[in-house]
Amino acid sequence: MHPQWQTFLQEQGATLNDQGAVTSWGQPELERIMVKHGPVRASLAHKGLIRLSGEEAFDFLQGQLTNDLTNVSEEHAQLSGYCDPQGHLLALFTVFKIDQAWYLHCDPDVTDNVVKRLNMYKLRAKVEIEDVSDQLVQIGYAGEFADLNIQRLLDTKIKDLYQTHPLHDLPDSYGIKVPGPYHRYLFVAPPDHAQTLWQALTGNGEATNDADWQLLDVVSGLPRLAQATTGQFIAQFLNLDKLDAINFRKGCFPGQEVIARLHFRGKVTKRMVRLHLKDNQAELAPGETFKLLDQNDKAYKFTLINAAEDIEDGKVCLAITTLKPLESALAPLKTEAGQPATIEPLPYDILSED
């Protein structure tokens, strides 16, 4: 995180953890309530941001990511994965382009390893790979009418999913519409302009912390990768095919053979589902397993991916499980402590075979 931005956040009343994520603005109840409908703004400066530039940057990156980079322009971003040769997901990126350079927005736990791995594979390619997480500031903004607020507060229209647009009167600053339960945006700006942007968004919106912002990822069915989960699951197990983050026709990339074989010849046996848990089962760390029981006390195993406290009670989490046994599960489900557990619908269909 840029030190200027860190100082700015602390002067505004933010409490930060060691990673630079905002844990509180001093009003946890308000922060939790506001995230339900918004508008809310959140510092995402602790997130990873990787820049690739150079005359061979496109060709190099096209051969590394799961999605087709030809669909990325300075007006349109995309979601894409980065896998190992076995098809296990190492990172999930929001990919966007600014001034002929490619940017990868990702989870902070994976940033260092991704930069090292990309540099290892670039060989003699004319491409520069840099971690610019400390050079540019990332800000999140979300709300039921966030699109109208952005148009009014920033004189900028960003209406379509993954649309990218420069911000008027803020040089080198950009906004991208990203998935959410309602209108949600990622902004990227230099530190000076980020402060101006933050103050502009203050005109209609409360600040929220990273834990509550994570709730928006969970309900959107977007996995976060931690050290314990990176490289552990095939891309489809984390629903990347359902998130339009895999292009099965683009050609080779690490893990492509495994991922394509599963898509064209097999059936995805495990999927990431969304759960609502009444107890503290979701206090488990990402990568740890837990069980849910059906009416006959038959157990079903889940692996936690990410979780967040619900607005009213309990936890909402994303967890990977084997689908077929659930077909015979007798509802209602419960945790091993006997508290209710519910499988909730995701914003995309994980059961249909494309």
Side-chain angles (χ1 to χ4, degrees), residues 5 34-45 47-51 67-80 92-107 132-133 135-208 210 212-217 219-222 243-245 347-348:
W5 181 251
M34 287 299 297
V35 81
K36 184 173 184 179
H37 296 295
V40 292
R41 64 195 192 283
S43 171
L44 305 180
K47 292 275 200 172
L49 190 63
I50 302 167
R51 179 171 60 206
N67 219 336
D68 189 351
L69 208 62
T70 60
N71 295 321
V72 178
S73 67
E74 295 193 0
E75 292 78 37
H76 188 78
Q78 77 177 188
L79 193 66
S80 190
L92 184 63
F93 302 128
T94 299
V95 185
F96 57 97
K97 186 179 180 183
I98 299 175
D99 294 333
Q100 304 304 311
W102 308 86
Y103 290 82
L104 311 176
H105 162 86
C106 60
D107 292 310
V132 295
S133 309
Q135 299 179 29
L136 296 171
V137 175
Q138 301 178 86
I139 294 172
Y141 186 72
E144 190 172 358
F145 302 105
D147 57 336
L148 299 178
N149 294 332
I150 288 172
Q151 184 175 343
R152 180 174 62 85
L153 298 172
L154 304 179
D155 191 26
T156 302
K157 291 183 180 180
I158 314 176
K159 296 202 174 217
D160 298 326
L161 188 61
Y162 289 114
Q163 180 182 349
T164 305
H165 201 286
L167 302 183
H168 294 293
D169 302 322
L170 291 175
D172 303 316
S173 304
Y174 297 83
I176 304 166
K177 188 168 186 178
V178 295
Y182 33 63
H183 301 287
R184 193 158 70 130
Y185 297 87
L186 167 67
F187 294 105
V188 181
D192 288 340
H193 298 321
Q195 294 181 35
T196 303
L197 172 62
W198 184 268
Q199 298 292 11
L201 296 175
T202 304
N204 191 6
E206 296 291 339
T208 195
D210 183 62
D212 286 334
W213 184 263
Q214 181 170 249
L215 177 61
L216 301 181
D217 283 340
V219 298
S220 302
L222 292 170
L243 290 163
D244 294 325
Y348 47 81

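For reference, positions follow the sequence shown, starting with 1.
- Inter-residue side-chain proximity for D244 and Y162 is flagged as unmet; no heavy-atom pair is nearer than 4.5 Å.
- Legend: residues meeting salt bridge (Lys or Arg N to Asp or Glu O under 4.0 Å) with R184, ordered by chain and number and at least two apart, are D217.
- Remark: K97 engages V72, E74, Q100, W102 in a side chain to side chain contact (heavy atoms under 4.5 Å, CB included) (not counting sequence neighbours).
- Under the salt bridge (Lys or Arg N to Asp or Glu O under 4.0 Å) criterion, K47 pairs with D107, not counting sequence neighbours.
- Counting only residues at least two apart or on different chains, no salt bridge (charged side-chain N to carboxylate O under 4.0 Å, His left out) pair has a member in residues 186-199.
- Counting only residues at least two apart or in different chains, salt bridge (charged side-chain N to carboxylate O under 4.0 Å, His left out) contacts with residues 135-150 are absent.
- Residues satisfying the side chain to side chain contact (heavy atoms under 4.5 Å, CB included) criterion with A45, sequence neighbours excluded, are M1, W5, S43, V137.
- Checked against ring pair (Phe, Tyr, Trp, His ring centres under 6.0 Å), F93 has no partners two or more places apart in sequence or in another chain.
- Each salt bridge (charged side-chain N to carboxylate O under 4.0 Å, His left out) pair with one or both residues in residues 158-176, not counting sequence neighbours, would appear here, but there are none.
- Here Q195 pairs with nothing under the side-chain hydrogen bond (donor to acceptor under 3.5 Å, both in side chains) rule; sequence neighbours left out.
- In terms of the side chain to side chain contact (heavy atoms under 4.5 Å, CB included) criterion, residue partners of N71 (sequence neighbours excluded) are, by chain and number, D68, Q78.
- Every ring pair (Phe, Tyr, Trp, His ring centres under 6.0 Å) that Y103 has, sequence neighbours left out, goes to F96.
- Among residues two or more places apart in sequence or in another chain, the side chain to side chain contact (heavy atoms under 4.5 Å, CB included) test is passed with Q135 by R51, V132.
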